[in-house]
Amino acid sequence: MVCELSPSPLPGPDRTAAARAHQVRFLTYNVRRCYGLDGRYAPERIAEVIAESGADVVALQELDMHRLRSGNVDQAGVIAAMLRMNYHFHPALRVVEESYGDAILTALPMRLVKAGALPALRTHRMLEPRGALWVEIQIAHTAVQVFNTHFGLIPQECVIQAEALLSPGWLGSLAPKAPAVLLGDFNSHALTRAYKRLAARLRDAHAVASPRPSPTFPSRWPLLRIDHVFAHGDIEVVSARPLRTQIARVASDHLPLLVDLKLPNAQIADIPDLGSALASLSEDER
């Protein structure tokens, strides 16, 4: 399958090194297998949304890899190539050679730390498997631990998955001041037990940045705030908001959530401008 992008430069915020001193922009986005609300299958549209956001680190959920229903495409690989980023993908679900799961993309130096399954309810054997992905990203002289996940749909399931992520096998292994970011679709709003477990140990960046954080789902008429970015350790929340552009409202059933975080003594430089990167792709790359 060939993905075509608009040849014109994509507008975006000023993300030059001078404007981004000490700040990193994170994005979490459930992309719904790259099928928009208009029924169009378009990985390139997801890439355009991400490029417009100016994000440095991207956590994506609901990605297909080599699945017949999506044209046998490695969606994480296609999107990362368009953005000129590297990526790690974790298949929460495998069906023979087909996979479905989550990914982390960035142009910054990155290494995989851990990828694995999250616990499921033993009383519900037909639930979709869930997982988490942990990478370490080097930002100047600071190593930031980044986690991406997609919780289940049943509240009790979300609770045991939150507890698993807070355990010593995952976030519980970090030193108190170690900078870390947990992103994802948690299927949990602020009144749920799962959210409260996470918020008791981590800082909800959206709630810190805004007294009335905005919902992210469904994208056309958002009612629920179930996509979150949590901060841990020596890291400061600068701003947070869903991206509500016209293209973002149709590209998926979730809105992407953008969070700017400030790292102590970290200076961001030499990160490619995503709009320029997309615009400069050759015809063959498109």
* To do: Show your working on ring-ring contact (aromatic ring centres under 6.0 Å, His included) between His228 and Phe230 and close with a plain yes or no.
  => CA-CA 6 Å; His228 304 295; Phe230 293 97; 5.6 Å; yes
* Stepwise side chain to side chain contact (heavy atoms under 4.5 Å, CB included) test for Glu157 and Arg130 -> CA-CA 10 Å; Glu157 181 187 18; Arg130 305 290 175 165; 4.1 Å; yes
* Mind running side chain to side chain contact (heavy atoms under 4.5 Å, CB included) on Ser252 and Glu62 for me, showing each step along the way? => CA-CA 10 Å; Ser252 173; Glu62 290 197 16; over 6 Å; no
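Hydrophobic clustering (side-chain heavy atoms under 4.5 Å, transitive across Ile, Leu, Val, Met, Phe, Trp, Tyr) keeps Ile104 apart from Leu118. Residues Val49 and Leu255 fall into different hydrophobic clusters, defined by Ile, Leu, Val, Met, Phe, Trp and Tyr side chains chained together at heavy-atom separations under 4.5 Å. Hydrophobic clustering (side-chain heavy atoms under 4.5 Å, transitive across Ile, Leu, Val, Met, Phe, Trp, Tyr) keeps Ile247 apart from Leu37. In the hydrophobic cluster analysis, where Ile, Leu, Val, Met, Phe, Trp and Tyr join through side-chain heavy atoms closer than 4.5 angstrom, Leu127 is grouped apart from Leu153. Cluster membership check: Met110 shares its hydrophobic cluster with Leu261, using side-chain heavy-atom separations under 4.5 Å among Ile, Leu, Val, Met, Phe, Trp and Tyr.
Minimum heavy-atom separation, His150 to Gln61: CB-CG, 4.0 Å. Nearest heavy-atom pair across Phe89 and Tyr100 is CZ-C, 4.0 Å. Smallest separation of non-hydrogen atoms from Ala107 and Met85: N-CG, 3.8 Å. In plain terms, the two heavy atoms of Ile50 and Leu83 that are nearest each other are CG2-CD1, 3.5 Å. Across all their heavy atoms, Pro256 and Ala248 have their closest contact at CD-CB, 4.1 Å. Closest non-hydrogen pair, His206 versus Ala240, comes out as CA-CB, 3.6 Å.
Here Glu136 pairs with Arg111 in a salt bridge; the nearest charged N to carboxylate O distance falls below 4.0 Å. Of the charged side-chain nitrogens involved, at least one lies within less than 4.0 Å of a carboxylate oxygen, so that Arg25 and Asp260 count as a salt-bridged pair.
Under the 30°/60° scheme for interplanar angles, the aromatic rings of Phe151 and Phe186 are found to stand perpendicular.
Checked by atom type, the side-chain pair Tyr87/Asp74 shows a donor-acceptor distance below 3.5 Å. Side-chain contact check for His90 and Asp102: no donor-acceptor pair (N or O, by modelled atom type) lies under 3.5 Å.
In this structure, CG on Asn148 lies 6.5 Å from CG on Leu183, to the nearest 0.5 angstrom. Here the CZ-CZ distance, from Arg249 to Arg244, works out to 7.0 Å after rounding to the nearest 0.5 Å. Atom CG of residue Leu202 and atom CZ of residue Phe147 lie 9.5 Å apart, to the nearest 0.5 angstrom. Distance CG/Asn187 to CG/Asp227: 8.0 Å, rounded to 0.5 Å.
No donor-acceptor pair closer than 3.5 Å links the side chain of Ser219 to the backbone N or O of Val250. For the pair Arg32 (side chain) and Gly36 (backbone), a donor-acceptor distance under 3.5 Å is present.
Considering Leu257, Ile46, Val58 in turn, Ile46 is the only one that fulfils the side-chain contact (heavy atoms from CB on, under 4.5 Å) rule with Tyr29.
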Kindly list each side-chain donor-acceptor pair under 3.5 angstrom involving residues 164-181, sequence neighbours excluded, with atom names and distances?
| from | atom 1 | to | atom 2 | distance (Å) |
| --- | --- | --- | --- | --- |
| Ser167 | OG | Ala164 | O | 2.6 |
| Ser167 | OG | Gly169 | N | 3.4 |
| Ser173 | OG | Trp170 | O | 2.7 |

